[in-house]
2 protein chains.
Amino acid sequence: MSTRSNAKRADALRSIDAIVQAAVDCLGRNPEASLSEIARAAGVGRVTLYAHFASRAEVVDAAMTLAIGKGNQALEAVDLAGDPRLALARLVEASWHLVDQARALLVAAQKELPPGRIRELHSGPAARVETLIARGRAEGVFRTDLPIPWLVNVLHSVMHSAADEIRSGNLAPDRAAAYITATVLAAFTPPGRPVPEPSTQT
Amino acid sequence: MSTRSNAKRADALRSIDAIVQAAVDCLGRNPEASLSEIARAAGVGRVTLYAHFASRAEVVDAAMTLAIGKGNQALEAVDLAGDPRLALARLVEASWHLVDQARALLVAAQKELPPGRIRELHSGPAARVETLIARGRAEGVFRTDLPIPWLVNVLHSVMHSAADEIRSGNLAPDRAAAYITATVLAAFTPPGRPVPEPSTQT
């Protein structure tokens, strides 16, 4: 009896994992992917999907949680010590393509989840960037005349901008990190201080 | 007979104007507004709407054309002569709220129109910004190490970023132009040159 219920539970966990992974893939390609498509991609029936998730919002929330968790893991591997400008360059190098991949998923999330929930899901990666910016301000290399949340948002916007440019064929993917870094390091420079030369950025 | 057909034609033009204006308003609030909603807001029946527009894409195209035309008119009034940095500050002041207003409409357009058509519709305002950036580069005050289309996109992204921050309650609308200008003037500064002080920006 207990062995059978263990096996059933393991089955359920496998189905849930498959559904969430399929949701990341399907919604990452098309934010309007239907739950039927997601169930099909996961190799489960609609009934199984609805047995585990009460609504589309729950599926999107689980997909977003998985994608951001993976992104956070990648960011944890980045060394953010030393000159904050060089650390920012390494952060951009490691994360701009995550932002790109998560775009369509974010569009799905913005439709299904309240803004507070989306901010909460992003709080891990956002905190990492905020801490780095705060250290750069304390060390006098990043500007203090604009608030930290604004600077975080500028970084995020410029990364999205790069993704747009790649998609429309105006930017070669291998130049994206350099363009983003050159732009953001200039945008973060305190008024009156010189913009860093590219040679000091890498 | 000719008087009657003139009157009918005047009626048709009035209906079309009302539909396009209603489309700008409805899609500007909600990019998924239905054609029925737009017809209702225009005070015409669905049959009348379909008599003038063969598809949702045609309605969206007409709305986008009207909105961008109005934006272009506002930008034509901006003096872009003199120091390119001050000219850019004036351009931001006059246009950031247009970008904000056109956001939802752009989302609708991105669903219905091919990317080439959207770029074509934006070519008027984009040309104005490109010309200003090119002049700033020629005068040595804007950077030449990043391509002009990238710099145009950075300006656009930072304006969108401000609209997001206002919507999420993180930015007071009356500070938006100053934040955008301070950020973009720094981002456009040539490496090795000092970022302009806020006093020289206005």
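Chain letters run A, B, ... following the sequence lines, proteins first and then strands; every chain starts at 1.
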* Heavy-atom proximity to chain A below 4.5 Å, by part of B:N170 ->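 Nothing of B:N170, per the 4.5 Å heavy-atom cut-off to chain A.
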Is there a side-chain contact between [X] and [Y], using heavy atoms and a 4.5 Å cut-off?
X      : Y      : result
B:I166 : B:H97  : no
A:L151 : A:R137 : yes
B:L155 : B:V92  : yes
B:E197 : A:D145 : no
A:T189 : A:F142 : no
A:I180 : A:T183 : no

* To do: Return yes when atom CZ of B:R135 has more than 12 non-hydrogen atoms of other residues, nucleotides or ligands closer than 6.0 Å, and no otherwise.
  =>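 More than 12 within 6.0 Å, yes.
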* **CG on A:L91 to CH2 on A:W96, rounded to 0.5 Å** =>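 Taking CH2 in A:W96 and CG in A:L91, the distance rounds to 14.0 Å.
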* **Donor-acceptor pair, side chain of A:T131 and main chain of A:A127, under 3.5 angstrom** =>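 Confirmed, A:T131 side chain pairs with A:A127 backbone.
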* To do: For the pair B:S34 (side chain) and B:E37 (backbone), establish whether a donor and an acceptor sit closer than 3.5 Å, ignoring hydrogens and angles.
  =>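 Yes.
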* Asked: If you check every heavy atom in residues 105-122 of chain B against those of chain A, which residues fall under 4.5 Å?
  ->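 Answer by number: B:K111, B:R119.
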* For chain B, find its close neighbours in residues 16-28 of chain A: heavy-atom separation under 4.5 Å, sorted by number, or none. =>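 Within residues 16-28 of chain A, no residue comes under 4.5 Å from chain B.
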